[in-house]
Amino acid sequence: MEKLSPLNKQYFKMLVVLMGMLVLCRLTNNLILPLMVCAGVWCSLTRKIGWAFIYLVFFLFFIIVNPRLIPKASMWSGFSLRFGPFLIGMALTLVSFSRPGCHRLPLGGLFPFLLIAFVSSMQGWAPQVSYLKMLNFIVFLLGIWFGTQNLQKRPQDCLLLRSFFLAIVTVVILGSVCLIPFPSLSYLNSSQELLEQYGIMYADAVMRDIRASGATMLYMGIFNQSQVLATVLPLCFTWTTLDMLFVERRFAKFHLLLLVCALPLLYMTRSRVALCSLFTALVAVYFYASRKLALPPDMYRKMRRGMMGFLGLIVLAAAVAEIRSGAITEWVRKTNDTAGDTRTLGEAFTNSRQGLINESLRDFKRNIWLGSGFQVAEHVAQLARRSEGFILSAPIEKGLLPLMVLGETGIIGLLFFAGFLLCFFVSCARHHYYATFTLFLVYLATNMGEASFFSPGGQGGIDWALCAIGGFLLDTFSLFNLARDNVEIV
């Protein structure tokens, strides 16, 4: 039996597969994407569940990849990224009915809420847009819900997926670290015109001068926005920690390297959402998940002491950074000019989202009981009136998840959504889905600033993949002891 370690041939195979997919997309100008859609659907229909989820997660990941690294302006990109996850999710749902069983994610409580959202959308800003977005989300949800059920009966797929998720986390963290010397590619403030006209060397020099001047720089790494990196990184951090605790069950050096590298990246985004999500992750892992480890007493105490030491080092590093340069204050206030910042702490936290908060409150006041429709806003209604056909994509930006739900589905919808959350966490605790519980809690924390919960076509897709598919995968290993099965890794 081969030891289940992150540094085995399966992990390197998946890392090569992921990097190969990205390189092929770059070299073919994304012409390879339609073939990947067909491959994903074929794997789903032929019950190659592990590879089907690999293609699905790749599309969710590729949607938010930095366009300066891999341009996505071609027609093939838009078609594949829009319909690829939808078709793969539908195929996963269709074939899942032949795998009955009770080991599945407790996501059923979302459907009563979605029924309320459907009723709300009838009198919302743009019903046809709401219905299309709801259909997309439901197919995505069903693909995850039924596609992952009874994973314990497919140990090869579990091993394959675990290696692929570790490869995704590696590319997100170490890939973003590798882009630090290239600010023209990796900062939100970068000038695309400089990059295109004068090349990367000149653009990098200009960006370094801007950074040296003390201007606030928002790091986005391998993604298309700093806020995307700020929400995905805490989930990657949490998934890596839980993989180390529940699967490796030891302090693996490679995992620790990823965790240490993720911390400065979170600061470089200058996102308060990243700070709050990191805090939530540390508290949830230490006070909840780590207490659920099924280990011998001596090993359990050793793991707890090690975690306490790691937390202590983080607190010490934060204190030193604050004393030496006021780094934590700058992070909270999202500015380098903390001396001249006259805002209160509350204003510093809410100013950047105040407009979105007000918009959600206006939607709520329009209909306090049912809100103004699923995933739409007033400007979407104006766009729908000008359009002669169906609108396939109407991106919107929402702020805090509770206010988004309140504005879209009113008081009734908020109560049903709260009911779903209560049922979800109670079910996770009852079925010992501790990793899923923890990751979903961190995901909700990221939604306190970037409400991506119902947006699988944006950053919400990879977030859902990490917390739902990735978390359930770790729980499957933990509950059914797949790490100790005599499974040949191919």
Trainee: Show, in sequence, the C-alpha distance, side-chain angles and deciding distance for Gln10 and Leu160, and conclude whether the side-chain contact (heavy atoms from CB on, under 4.5 Å) test is met.
Mentor: CA-CA 7 Å; Gln10 183 78 318; Leu160 191 72; 3.6 Å; yes

Trainee: Tell me whether the centres of the aromatic rings in Phe472 and Tyr433 are closer together than 6.0 Å.
Mentor: yes

Trainee: Does anything in residues 287-298 form a side-chain hydrogen bond (donor to acceptor under 3.5 Å, both in side chains)? List the pairs, not counting sequence neighbours.
Mentor: Ser290-Arg304, Asp298-Arg301

Trainee: Could you check whether any side-chain heavy atom of Phe477 comes within less than 4.5 Å of a side-chain heavy atom of Leu159, counting everything from C-beta outward?
Mentor: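 Yes, side chains in contact.
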
Trainee: side-chain hydrogen bond (donor to acceptor under 3.5 Å, both in side chains) for Glu408 and Ser372? Distances and angles first, verdict last.
Mentor: CA-CA 5 Å; Glu408 291 183 358; Ser372 296; over 6 Å; no

Trainee: Quick one: are Phe58 and Leu33 in side-chain contact, heavy atoms under 4.5 Å?
Mentor: yes

Trainee: Taking distance alone, no hydrogens or angles, what donor-acceptor pairs closer than 3.5 Å link side-chain atoms of residues 169-179 to residues at least two apart or in another chain?
Mentor:
unit_1: Thr170; atom_1: OG1; unit_2: Tyr11; atom_2: OH; d: 2.8
unit_1: Thr170; atom_1: OG1; unit_2: Leu166; atom_2: O; d: 2.7
unit_1: Ser176; atom_1: OG; unit_2: Val172; atom_2: O; d: 2.7
unit_1: Ser176; atom_1: OG; unit_2: Ile222; atom_2: N; d: 3.4

Trainee: Answer yes or no: is there a side-chain heavy-atom contact under 4.5 Å between Leu479 and His431?
Mentor: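 Counting from C-beta outward, Leu479 and His431 never come under 4.5 Å.
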
Trainee: Where the side chain of Asp363 meets the backbone of Gly407, is there a donor-acceptor pair that is under 3.5 Å apart?
Mentor: no

Trainee: Minimum heavy-atom separation for Ala377 and Glu359, please, with both atom names.
Mentor: CB-OE2, 3.0 Å

Trainee: Taking Ser277 for its side chain and Ala274 for its backbone only, find out whether a donor-acceptor pair lies under 3.5 Å.
Mentor: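 It does not hold such a pair.
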
Trainee: Within a 6.0 Å radius of atom CZ on Phe420, are there more than 12 heavy atoms belonging to other residues, nucleotides or ligands?
Mentor: yes

Trainee: Take the angle between the ring planes of Phe440 and Tyr443 and call it parallel below 30°, perpendicular above 60°, tilted in between.
Mentor: perpendicular

Trainee: Would you list the atom pairs, donor with acceptor, under 3.5 Å between side chains in residues 306-321 and any protein atom, with sequence neighbours excluded?
Mentor:
none

Trainee: With a 4.5 Å limit on heavy-atom distance, are the side chains of Leu245 and Leu293 in contact?
Mentor: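 Leu245 reaches Leu293 side chain to side chain.
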
Trainee: Within the structure provided, determine whether Asn66 and Met220 are in side-chain contact (heavy-atom separation under 4.5 Å).
Mentor: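 When only atoms from C-beta onward are counted, Met220 and Asn66 do touch, with a gap below 4.5 Å.
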
Trainee: Of all heavy-atom pairs between Val139 and Gly89, which one has the smallest distance, and what is that distance?
Mentor: CG1-C, 4.0 Å

Trainee: Given Gln227 and Ser271, is the side-chain hydrogen bond (donor to acceptor under 3.5 Å, both in side chains) satisfied, shown in steps?
Mentor: CA-CA 7 Å; Gln227 284 296 94; Ser271 169; 2.9 Å; yes

Trainee: Can you list everything that forms a side chain to side chain donor-acceptor pair (under 3.5 Å) with Gln459? Sequence neighbours excluded, please.
Mentor: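 So Gln459 forms a side chain to side chain donor-acceptor pair (under 3.5 Å) with Thr231.
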
Trainee: Show, in sequence, the C-alpha distance, side-chain angles and deciding distance for His432 and Asp475, and conclude whether the side-chain hydrogen bond (donor to acceptor under 3.5 Å, both in side chains) test is met.
Mentor: CA-CA 8 Å; His432 310 294; Asp475 286 320; over 6 Å; no

Trainee: Please check: side-chain N/O of Asp243 versus main-chain N/O of Leu474, any donor-acceptor pairing under 3.5 Å?
Mentor: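 Checking the backbone N and O of Leu474 against the side chain of Asp243, no donor-acceptor pair under 3.5 Å is found.
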
Trainee: Check whether any side-chain heavy atom of Phe424 lies under 4.5 Å from a side-chain heavy atom of Thr436, and answer yes or no.
Mentor: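 In short, these two side chains touch, coming nearer than 4.5 Å.
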
Trainee: Would you please name every residue forming a ring pair (Phe, Tyr, Trp, His ring centres under 6.0 Å) with Phe137, sequence neighbours left out?
Mentor: Phe454

Trainee: Would you call Leu263 and Leu278 a side-chain contact if the rule is heavy atoms closer than 4.5 Å?
Mentor: yes

Trainee: Just by distance, do the side chain of Trp239 and the backbone of Leu439 share a donor-acceptor pair under 3.5 Å?
Mentor: no

Trainee: Can you name the nearest heavy-atom pair linking Leu441 to Ala284, along with the distance?
Mentor: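 Where Leu441 meets Ala284 most closely, the heavy atoms are CD2-CB, 4.0 Å.
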
Trainee: Counting distance only, does the side-chain N/O of Lys72 pair as donor-acceptor with the main-chain N or O of Val65 below 3.5 Å?
Mentor: yes

Trainee: Which label fits Tyr55 and Trp51: parallel for a plane angle under 30°, tilted from 30 to 60°, or perpendicular past 60°?
Mentor: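 Tilted.
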
Trainee: If you take all heavy atoms of Gly413 and Phe113, which pair is closest and at what distance?
Mentor: O-CD1, 3.3 Å

Trainee: Do Phe453 and Phe417 have ring centres separated by under 6.0 Å?
Mentor: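 Yes: the rings meet the under 6.0 Å criterion.
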
Trainee: Could you go through the side-chain hydrogen bond (donor to acceptor under 3.5 Å, both in side chains) check for His103 and Thr476 one step at a time?
Mentor: CA-CA 9 Å; His103 179 56; Thr476 300; 3.1 Å; yes

Trainee: Tell me whether Asn30 contacts the main-chain N or O of Pro71 through its side chain, where contact means a donor paired with an acceptor under 3.5 Å.
Mentor: yes

Trainee: Assess whether a salt bridge exists between Glu450 and Arg272, defined as any Lys/Arg side-chain N lying under 4.0 Å from an Asp/Glu carboxylate O.
Mentor: no

Trainee: Could you list the residues that satisfy ring pair (Phe, Tyr, Trp, His ring centres under 6.0 Å) with Phe425, not counting sequence neighbours?
Mentor: Phe437

Trainee: What are the two closest heavy atoms between Gly461 and Phe140, and how far apart are they?
Mentor: O-CZ, 4.0 Å

Trainee: What heavy-atom pair brings Ser186 and Phe182 nearest, and what distance separates the two atoms?
Mentor: OG-O, 3.0 Å

Trainee: Main chain of Ala451, side chain of Lys398: is a donor-acceptor contact present, judged purely on distance under 3.5 Å?
Mentor: no

